[in-house]
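Quick note on labels: first sequence line is chain A, next is B, and so on, each numbered from 1.
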Protein chains: 2
Amino acid sequence: MTKPDTAERILDIAEKAARTGGYNAFSFREIAAEIGIKSASVHYHFPTKEALGEALAGRYSDNFFKVLGDPQGAEPAELLKRYVAAYGAALKQDGLMCLCGVFGAEIADLPPPVARATRAFFERNLDWLRQVHCRHGMAPEQAEKAAAHMIAALEGAMILARAMGDAALFDAAVARLS
Amino acid sequence: MTKPDTAERILDIAEKAARTGGYNAFSFREIAAEIGIKSASVHYHFPTKEALGEALAGRYSDNFFKVLGDPQGAEPAELLKRYVAAYGAALKQDGLMCLCGVFGAEIADLPPPVARATRAFFERNLDWLRQVHCRHGMAPEQAEKAAAHMIAALEGAMILARAMGDAALFDAAVARLS
DNA sequence: ATTCTCCTATCTATCAATAGGTAGATAGAT
DNA sequence: ATCTATCTACCTATTGATAGATAGGAGAAT
């Protein structure tokens, strides 16, 4: 039989809540209640909230880049299309914000380890995009700007679409990117 | 003498906290402590937290569009430059996020009146930009996309710059806009 | 085979801190 | 005498976190 893997379920539930309302939107008690255990048992798997938040951002980042694949792999144009689609999927399939987008908005109030993990996500994004743009024949200076622009447009597009309750606004906002 | 105008001070303090850590980052007690009154007195000016949040978003929006001015006023190119500068000022002068950007990221967890006021901010943004772009000779369809794109890029650029602790990333991300 | 030991994962029970909110009193100004 | 703005004192709910007990399984020692 498939083992419950409580730690994974904790992360799943916490991620969903965090991507809806930020770092304060998930609590040990709510997570425990949804699984059907006690809040003390959640502390067994993640000793503190900041440890849970850090694991959350780390797993989200890893999953994200597993989908994107090697920046030196497929054709640059194809990779960029895949990049935009990854954000779109997070919004439309999950119906949620980007976890690190939410954390990024409130970064100054996050515990240092969570803030670090959030920063790492954006650093990896910048790095991945810089590589792809350079392969596409762009000068390093321009690649840097293009990378920052793409991240910004996609994170902002998610906020705008969710705020207005209109997923079509996401597509409108990022139409010029791909 | 200048009267204290407690309500205004409450809004100032709450706005700063909210633009740092979102809706849960400001509390009646913290606001009261910073002013030097009791939390019950804050309830006198704003009966509930959602009323305070709503007033917060409303005032932020009004101030923002007072800076921008009439979309039918100055030259379109000049207006767009002013628009980008307004976001840049919010980030660099205040050192804070856009209030409605933070609220937008956690909109699904906000009390309905606060969510409405946040949506109204973005609606006004879309409207203002649509008008300016149309005046600039853009077709309505393209103006809609361009408007959504600008809002998204600017909100996202603020998140990225704050998350990475590097204001230059804001300029890099929005370089192509103006 | 039985017993002892250890680890895993959960439980009960509780703590101190903080949250938003309310009732009712009070001082001062109009 | 009324209104404004504050106070004191309290309530209930929720938060993250901890101490200590418990049940069950795995492996080793007898």
Looking at [X], I'd like to know whether one of its side-chain N or O atoms comes within less than 4.0 Å of OP1 or OP2 on [N].
X      : N       : answer
K49(A) : dG16(D) : yes
S39(A) : dA17(D) : no
T6(B)  : dT6(D)  : yes
Y44(B) : dA5(D)  : yes
S41(A) : dC11(C) : yes

* Go through R162(A) and F170(A) one step at a time and tell me if the side-chain contact (heavy atoms from CB on, under 4.5 Å) criterion holds. => CA-CA 9 Å; R162(A) 272 180 70 79; F170(A) 176 87; over 6 Å; no

* Side chain of F28(B) - closest among dG16(D), dG21(C), dT10(C) -> dG21(C)

* Asked: Of all the nucleotides listed (dA13(C), dG16(D), dT8(D)), which has the minimum atom distance to the side chain of A40(A)?
  -> dA13(C)

Find the distance [X]:[atom1] to [N]:[atom2] and express it as a whole number of Å.
X      : N       : atom1 : atom2 : result
I31(B) : dA19(C) : CD1   : C1'   : 12 Å
D5(A)  : dT8(C)  : CG    : C1'   : 14 Å
Y23(A) : dT15(D) : OH    : P     : 14 Å
H43(B) : dC10(D) : NE2   : C1'   : 13 Å
K38(A) : dT14(C) : NZ    : P     : 14 Å
N24(A) : dG16(D) : CG    : P     : 8 Å
E30(B) : dA17(C) : CD    : P     : 16 Å
H45(B) : dT4(D)  : NE2   : P     : 12 Å

* Asked: Reckon F46(B) touches a base, only the sugar-phosphate, or nothing at all at heavy-atom distances under 4.0 Å?
  -> nothing

* Just call it for S27(B): base, sugar-phosphate, or nothing, with non-hydrogen atoms closer than 4.0 Å on any strand. => sugar-phosphate

* salt bridge (Lys or Arg N to Asp or Glu O under 4.0 Å) evaluation trace for R9(A) with E34(A) -> CA-CA 10 Å; R9(A) 294 183 63 192; E34(A) 194 160 333; over 6 Å; no

* Relative to each other, are the rings of F28(B) and H43(B) parallel, tilted or perpendicular (30° and 60° limits)? -> parallel

* Asked: Under 6.0 Å from the NZ atom of K92(B), do we count more than 12 heavy atoms belonging to anything else shown?
  -> yes

* Asked: Would one find more than 12 heavy atoms of other residues, nucleotides or ligands at under 6.0 Å from atom CD of Q72(B)?
  -> yes

* Toward the 5' end of DNA chain C, by each residue's nearest nucleotide, R29(A) or I37(A) -> I37(A)

